[in-house]
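Step one of this worksheet: look at the structure below.
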Amino acid sequence: MRDIITSTTMVDAYAQLGDLAVARAIFDEMPERNSVTWSVLISAYGKNNGRESLRLFLRMDLEGFRAEEMTYVAVLDACSSAAAVAEGRIIHESVLDRGLSRDLRIGSALVDFYGKCGQLETARLIFSELPIQDVILWTALITSYAHNGHLPEALAIFREMLLAGILPDCVTIVSVLSACSHGGVEGDGWIHVVRMAWDYDLELSLAHYLCVMDLLGRSGKLELLEDLVTSMPFEPDVVAWTTLLSACKEIGDERRAARAARKLREMDSNAMAPYALLSNMHAGVANAED
DNA sequence: TTAGGGTTAG
């Protein structure tokens with residue numbers, strides 16, 4: 001018989017692999033569970049099935065297990081992704097009742113929750129009432145404003161963070177670059193953000209490159225964009241080629257668009273998106289010539 | 001800090 005820690009680890013491992021059915025089967029067969037086991041399963045459902053995550057949270061409570069800090073984090077994430085505003089508020093009350101409102105991890109999850117629900121003032125209030133504000137908490141607040149289309153405010157909070165002496169991490173940079181590309185910055189201001197990542201020796205991920213590609217595409221710098229797609233230290237994925245193809249469509253660069261479309265077809269011969277984009281583009285060019 | 005997800009998106 002496997003012990004509780006081994007089984008819990010297996011539930012988590014399968015959940016991380018994306019095999020929720022196996023994770024659930026192991027969980028269901030466990031002769032006994034504890035708070036961590038419940039927390040792991042609640043986490044597992046959080047992003048893609050917030051409702052099930054919430055049901056499990058209630059069941060855990062009914063079976064007499066006490067939620068821990070990480071359980072609150074997991075279930076608040078479920079509330080964010082399921083847009084379960086009323087449930088999230090009740091969980092917030094429970095956090096207050098339990099005297100856990102000064103916990104930085106729960107605080108970040110609450111800022112994220114209220115931010116995703118569009119309640120920015122509440123998010124801001126929770127942020128400022130926490131005993132300390134670290135880079136993760138700042139990033140959660142920046143993301144909240146960006147998520148609701150308040151891009152200048154998101155960038156202002158980023159500057160506020162830097163003034164407070166908090167260094168950005170790689171997640172902050174993705175969040176800020178994404179805010180820039182959604183219209184927060186005119187011109188090439190985003191280049192300073194990339195330089196900052198470089199200066200602070202942050203490891204750039206594919207997500208960073210995708211943000212920069214988006215920004216280059218929006219400013220019509222197709223040559224730089226194509227260079228970046230083909231020379232970056234990551235294998236370009238469907239998103240990367242689609243970014244290039246969409247940017248070419250905007251400008252009407254048919255040759256470059258054809259190269260991107262060919263790559264997309266190589267990656268997925270059933271994909272219809274490249275055909276649709278290309279044919280729209282030909283139609284657009286033809287209309288312009290009329 | 002004994003097994004666990006505080007912040008990145010279309």
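In what follows, chains are A, B, ... by sequence order, proteins preceding strands, each numbered from 1. Below, each value reflects all heavy atoms present in this structure, side chains not excepted, and no hydrogens, waters or symmetry copies.
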*Does a donor on one side chain sit under 3.5 Å from an acceptor on the other, for A/Ser175 and A/Thr139?*
no
*Could A/Arg33 and A/Phe65 be counted as a cation-pi pair, given that NZ or CZ must be under 6.0 Å from the ring centre and within 45° of the axis?*
no
*B/dG4 C1' sits how many Å from A/Tyr14 OH, rounded?*
18 Å
*Got A/Val176 and A/Pro168 here, is their nearest side-chain heavy-atom distance under 4.5 Å?*
no
*asked:* For a quick check, tell me whether the side chain of A/Glu68 and the base of B/dG4 share a donor-acceptor pair closer than 3.5 Å.
replied: yes
*If you measure from the Lys or Arg side-chain nitrogens to the Asp or Glu carboxylate oxygens, is any gap between A/Arg259 and A/Glu266 under 4.0 Å?*
no
*Looking at A/Lys116, does any N or O in its side chain come under 4.0 Å of the phosphate oxygens OP1/OP2 on B/dT8?*
yes
*Let me know the distance between CG of A/Leu130 and P of B/dT7, rounded to the nearest Å.*
14 Å
*Mind checking the P distance from B/dG6 to B/dG10? Whole angstroms is fine.*
22 Å
*Between B/dG4 atom C1' and A/Phe27 atom CZ, what is the distance in whole Å?*
13 Å
*Do A/Tyr45 and A/Arg51 have side-chain N/O donor and acceptor atoms under 3.5 Å apart?*
no
*asked:* Classify A/Val40 by what it touches in the nucleic acid, base, sugar-phosphate, or nothing, heavy-atom distance under 4.0 Å.
replied: sugar-phosphate
*Which part of the nucleic acid does A/Thr143 contact within heavy-atom distance under 4.0 Å: base, sugar-phosphate only, or nothing?*
sugar-phosphate
*Which nucleotide, B/dA3, B/dT8, B/dG6, lies nearest any side-chain atom of A/Val171?*
B/dT8
*May I ask you to decide whether A/Arg59 forms a salt bridge with A/Glu63, counting only side-chain N to carboxylate O separations under 4.0 Å?*
yes
*For DNA chain B, determine which residues of residues 207-219 of chain A have any heavy atom closer than 4.0 angstrom to one of its atoms, and list them numerically.*
A/Ala207
*Given B/dT7, B/dT8, B/dG6, which nucleotide is nearest the side-chain atoms of A/Met70?*
B/dG6
*Please say whether more than 12 non-hydrogen atoms of neighbouring residues, nucleotides or ligands are located less than 6.0 Å from CD in A/Glu223.*
no
*Quick one: are A/Thr37 and A/Glu32 in side-chain contact, heavy atoms under 4.5 Å?*
no
*For A/Leu76 and B/dG6, give me the distance from atom CG to atom P, rounded to whole Å.*
12 Å
*What is the nucleic acid contact for A/Asp12, judged by heavy atoms within less than 4.0 Å: base, sugar-phosphate only, or nothing?*
sugar-phosphate
*Answer with base, sugar-phosphate or nothing: what part of the nucleic acid does A/Gly46 contact at a heavy-atom distance below 4.0 Å?*
base
*Measure from CG on A/Leu41 to C1' on B/dA3 and round the result to the nearest Å.*
14 Å
*Could you tell me whether A/Glu52 and A/Arg55 have a side-chain N and a carboxylate O separated by less than 4.0 Å?*
yes
*Under 4.0 Å from any atom of DNA chain B, heavy atoms only: list the residues of residues 131-142 of chain A that qualify, in numerical order.*
A/Asp134, A/Ile136, A/Thr139
*Could you check how far NE2 of A/His147 sits from P of B/dT8, rounded to whole Å?*
10 Å
*Can you tell me how far P of B/dT8 sits from NE2 of A/His182, to the nearest Å?*
14 Å
*Interatomic distance, A/Asp3 CG vs B/dT2 C1' [rounded to whole Å]*: 12 Å
*Can you measure from OG1 (A/Thr143) to CH2 (A/Trp138) and round to the nearest 0.5 angstrom?*
13.0 Å
